[in-house]
*Asks:* 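Below is a structure I'd like to ask you about.
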Amino acid sequence: MCSIMGYFGSELSREDFEVGFDRTISRGPDETRLIDFTEENADNNSNNDFAGYMGFHRLAIMGLTEEGMQPFRRGNRWCVCNGEIYGFRTIKKHLIERGYSFSSDSDCEILLPMYEIYGTNMFTLLDAEFAMVLYDGESGSVIAARDPFGIRPLYYGYDHNKGIVFASEPKNLVGLVDRIMPFPPGHFYKDGVFTSYRNIARVRNMMHDDVETACKQIRTKLIRGVEKRMDSDVPLGFLLSGGLDSSLVCAISAKLTDKPIRTFAIGMDKDAIDLKYAREAADYMGADHTEVIISRDDVIEALPHVIEILGTWDITTIRASIGMYLVCKYIHENTDIKVLMTGEISDELFGYKYTDFAPSPEEFQKESEKRVRELHMYDVLRADRCISVNSLEARVPFGDLDFASYVMALDPRVKMNTYGKGKYLLRHAFEGDWLPEEILMREKAAFSDAVGHSMVDDLKEYAESYYTDEEFEAGVKKYSYRPPFTKESLLYREIFEKYYPGQAEMIIDYWMPNKNWEGCDVNDPSARYLSNYGDSGK
């Protein structure tokens, strides 16, 4: 990961900009550079009175030399990007043929030449996970953009004189703007206007492939998505929960390399559901495997910091982040790994435990589209913050645009669980020698529960002891927007407000099963409370 920030206005001082920007230096601890446009104009004897700043904290992943440092500049244009541009070497070759030259091996150096040729149409051409800010000094235009899933974070807000600030995380903007807003995924901003360039959730032409054809496509496209993301100039690691999604990413990766991959699993010191499955999967693929064991005290101690780094009050996200944060912290402190492969986004595409209750294919598809649109506020947010705060980069193969577009476009009739097994298409696609049958066909366990049922119970018990019933009733009344409804949710909200006062609307709602569906009207987001959870937690 890297951290980017750009301000375009005259109210904000350089000192205040730097204070906000340095709150995310852990995203890019290798090097920092800041451009002051007022100074740039003076140095170049420019008549341009444009004011503002552009900053970059670097985590060097591709193109490790000094020449790969950002902001990149071509003439009177500047750009910062936190991202990975897949297939950039092919694009770079075409640009060289058109007369462009490059000084680094950084994938992001191609962006300014692409902008010069294609303008804002460039965003439809990118196969990438990215967030970027660009200043075009030739036209005076300010441009920003974010990938279709929102895998890379970007937030924005306005100062009192309508100057705009963009930043990688909301913590950069606290105290600088009145309202912090997530930059909409799949959009670009230009001179005050947001435009959608790709809506990954919207399906224009439904695919009606039969099961076997669909599974062949799923296998081919996911393998390609993993292969793209193994391109790195620094060591890779793999988060392995023992569930289907992370196990498949690891299994594919293990077949694509000639040396053992390095896998990491985390569990409570008691009842860690997934540790044994992670070990079984790792042994099967010959991985160099590490187990990280945590205790109740570790969980409670980490809670405030996890909410601070997340910038959310959502119950599901916070629960699932504690284990992820702690395993990433271990990796950062004990290894040379800088890039982590993860299994996020599969659930939104293929279904959760609760989508077994979808009353129709149309409702299944509608729910999938909703979850994909909102993903940047939940699982994607969790993975980004837990990984980046530990100076690591996340790569998400299930978020590959070609793969995800195909799965979203599949007729929901073949994606629904009519097979007696959730995510059947994904499982069937990788039958063979990819994973042990027990792992491939294992029922899903919620990640926060799978770290250990006791972890969620410990958090609930801690919250119960933190408030009396009277304090809980009074506390809930303080919040009109998405008010807490349990002592646990009140605790999370109050910690959130300490770090992000008045910014609760950054998150649209609690992540919960669709309560409009029969069987899903529960008051706890854990899949444990659904009637079909069955053997998932065993």
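Basis for what follows: all heavy atoms, side chains included, without hydrogens, waters or symmetry-related copies. Numbering of residues begins at 1 and proceeds along the displayed sequence.
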*Asks:* Should the pair E129-R229 be classified as a salt bridge under the 4.0 Å nitrogen-to-oxygen rule?
*Replies:* yes
*Asks:* Got a donor-acceptor contact below 3.5 angstrom from the R493 side chain to the R482 backbone?
*Replies:* yes
*Asks:* Can you list every side-chain hydrogen bond (donor to acceptor under 3.5 Å, both in side chains) pair that touches residues 18-31, not counting sequence neighbours?
*Replies:* S3-T24, D22-H57, T24-N172, R27-E169, R27-D384, R27-S388, D30-K338
*Asks:* Can you check whether K353's main-chain N or O pairs, donor with acceptor, with N532's side chain at less than 3.5 Å?
*Replies:* yes
*Asks:* Counting C-beta onward and ignoring hydrogens, is there a side-chain heavy-atom pair between I345 and V380 closer than 4.5 Å?
*Replies:* yes
*Asks:* Using the ring pair (Phe, Tyr, Trp, His ring centres under 6.0 Å) rule, pick out the option among Y510, W511, Y492 that qualifies with W313.
*Replies:* Y510
*Asks:* Taking atom OH of Y86 and atom CG of D127, what is their separation to the nearest 0.5 Å?
*Replies:* 8.0 Å
*Asks:* Taking only residues at least two apart or on different chains, which pairs with a member in residues 179-189 satisfy salt bridge (charged side-chain N to carboxylate O under 4.0 Å, His left out)?
*Replies:* R179-E505
*Asks:* Evaluate salt bridge (charged side-chain N to carboxylate O under 4.0 Å, His left out) for D231 paired with R89, printing each intermediate quantity in order.
*Replies:* CA-CA 11 Å; D231 185 6; R89 292 181 181 87; 2.5 Å; yes
*Asks:* Knowing that exactly one of F166, Y156, F183 qualifies, which makes a ring pair (Phe, Tyr, Trp, His ring centres under 6.0 Å) with Y189?
*Replies:* F166
*Asks:* Which pair of heavy atoms, one from N82 and one from C2, lies closest together, and at what distance?
*Replies:* OD1-N, 3.2 Å
*Asks:* Taking all non-hydrogen atoms of both residues into account, name the closest pair between A128 and I85 and its distance.
*Replies:* CB-CD1, 3.6 Å
*Asks:* Is the shortest heavy-atom distance from the side chain of L34 to the side chain of M54 under 4.5 Å?
*Replies:* no
*Asks:* Can a donor-acceptor pair be found, under 3.5 Å and without considering hydrogens, that links the side chain of K415 to the backbone of M408?
*Replies:* yes
*Asks:* Quick one: do K478 and E494 make a salt bridge, cutoff under 4.0 Å?
*Replies:* yes
*Asks:* Of the options N121, D136, T120, which is the one that meets Y115 in a side chain to side chain donor-acceptor pair (under 3.5 Å)?
*Replies:* D136
*Asks:* Between Y197 and L125, does the side chain to side chain contact (heavy atoms under 4.5 Å, CB included) criterion hold? Intermediate values first, please.
*Replies:* CA-CA 10 Å; Y197 68 88; L125 305 176; over 6 Å; no
*Asks:* For F430, is there any backbone N or O sitting under 3.5 Å from a side-chain donor or acceptor partner on R219?
*Replies:* no
*Asks:* Got a sec, which residues hit side-chain hydrogen bond (donor to acceptor under 3.5 Å, both in side chains) with S106, two or more places apart in sequence or on another chain?
*Replies:* none
*Asks:* Hey, is the main chain of R152 close enough, under 3.5 Å, to the side chain of R146 for a donor-acceptor pair?
*Replies:* yes
*Asks:* Please confirm whether K221 makes a cation-pi placement over F403, using NZ or CZ under 6.0 Å from the six-membered ring centre and within 45° of the ring normal.
*Replies:* no
*Asks:* Checking salt bridge (charged side-chain N to carboxylate O under 4.0 Å, His left out) for the pair E393/R395: CA distance, chi angles, key distance, verdict?
*Replies:* CA-CA 7 Å; E393 174 172 293; R395 296 198 180 167; 2.9 Å; yes
*Asks:* K423 and side chain to side chain donor-acceptor pair (under 3.5 Å): which single residue from N417, D347, T355 fits?
*Replies:* D347
*Asks:* With rounding to the nearest 0.5 Å, note down the distance linking CG in L134 to CH2 in W78.
*Replies:* 10.5 Å
*Asks:* If we ignore hydrogens and angles and just use 3.5 Å, is the side chain of T317 paired with the main-chain N or O of R382 as donor and acceptor?
*Replies:* no
*Asks:* Salt bridge check, R224 against D402: does any charged N sit closer than 4.0 Å to a carboxylate O?
*Replies:* no
*Asks:* Could you check D524, T486, L491 and say which one makes a side chain to side chain contact (heavy atoms under 4.5 Å, CB included) with K460?
*Replies:* D524
*Asks:* Please enumerate all residues that pass side-chain hydrogen bond (donor to acceptor under 3.5 Å, both in side chains) together with K498, with sequence neighbours excluded.
*Replies:* none
*Asks:* Give a yes or no on this: more than 12 heavy atoms of other residues, nucleotides or ligands lie within 6.0 Å of atom NZ of K366.
*Replies:* no
*Asks:* How would you list, by chain and number, every residue that makes a salt bridge (Lys or Arg N to Asp or Glu O under 4.0 Å) with E109, sequence neighbours excluded?
*Replies:* none
*Asks:* CE of M132 to CG of D147: how many Å apart, nearest 0.5 Å?
*Replies:* 12.5 Å
*Asks:* How close do V226 and V249 get, counting heavy atoms only, and between which atoms?
*Replies:* CG1-O, 4.3 Å
*Asks:* Out of curiosity, I337 CD1 to L236 CG, how far, rounded to the nearest 0.5 Å?
*Replies:* 8.0 Å
*Asks:* Quick one about Y352 and E348 (side-chain donor to acceptor, distance below 3.5 Å, no hydrogens or angles considered), yes or no?
*Replies:* yes
*Asks:* Are there more than 12 heavy atoms of other residues, nucleotides or ligands under 6.0 Å from atom NZ of K515?
*Replies:* yes
*Asks:* Where the side chain of T342 meets the backbone of V396, is there a donor-acceptor pair that is under 3.5 Å apart?
*Replies:* no
*Asks:* Do you know which two heavy atoms are closest between L59 and P29, and how far apart they sit?
*Replies:* CD1-CD, 3.9 Å
*Asks:* Would you give the length of the straight line joining atom CZ of F364 to atom CG of D356, rounded to the nearest 0.5 angstrom?
*Replies:* 8.5 Å
*Asks:* How far apart are the C-alpha atoms of I307 and I318, what are their side-chain angles, what is the distance that settles it, and do they pass the side chain to side chain contact (heavy atoms under 4.5 Å, CB included) test?
*Replies:* CA-CA 7 Å; I307 294 175; I318 292 167; 3.8 Å; yes
*Asks:* Does any donor atom in the side chain of D191 or S141 lie under 3.5 Å from an acceptor atom in the other side chain?
*Replies:* yes
*Asks:* Over all heavy atoms of both residues, which pair between C328 and N390 is shortest? Give the atoms and the distance, please.
*Replies:* CB-ND2, 3.5 Å
*Asks:* Apply side chain to side chain contact (heavy atoms under 4.5 Å, CB included) to F8 and V133, showing your working.
*Replies:* CA-CA 11 Å; F8 305 93; V133 179; 3.6 Å; yes
*Asks:* Tell me, please, whether F123 has R198 positioned over its six-membered ring: NZ or CZ under 6.0 Å from the ring centre and within 45 degrees of its axis?
*Replies:* no
*Asks:* Would F17 and Y7 satisfy ring-ring contact (aromatic ring centres under 6.0 Å, His included), going step by step from the backbone distance to the final call?
*Replies:* CA-CA 8 Å; F17 180 92; Y7 171 64; 7.1 Å; no
*Asks:* Looking at Q365 and V203, what are the two nearest heavy atoms and their distance?
*Replies:* NE2-CG2, 3.5 Å
*Asks:* I'd like to know whether M230 forms a side chain to side chain contact (heavy atoms under 4.5 Å, CB included) with E227, so could you lay out the CA-CA distance, the side-chain angles of the two residues, the decisive distance to 0.1 Å, and finally the verdict.
*Replies:* CA-CA 5 Å; M230 294 185 73; E227 186 176 27; 5.7 Å; no
*Asks:* Any donor and acceptor pair, going by atom type alone, linking the side chain of E497 with main-chain N or O of G502 inside 3.5 Å?
*Replies:* yes
*Asks:* Determine yes or no for a side-chain-to-main-chain donor-acceptor pair under 3.5 angstrom, with H376 supplying the side chain and E374 the backbone.
*Replies:* no
*Asks:* Which residues satisfy the salt bridge (Lys or Arg N to Asp or Glu O under 4.0 Å) test with D178, sequence neighbours excluded?
*Replies:* none
*Asks:* Does the R77 side chain pair with the main chain of F72, one donor and one acceptor, at a distance under 3.5 Å?
*Replies:* no
*Asks:* At what distance, to the nearest 0.5 angstrom, does CG of L240 lie from OG of S246?
*Replies:* 5.0 Å
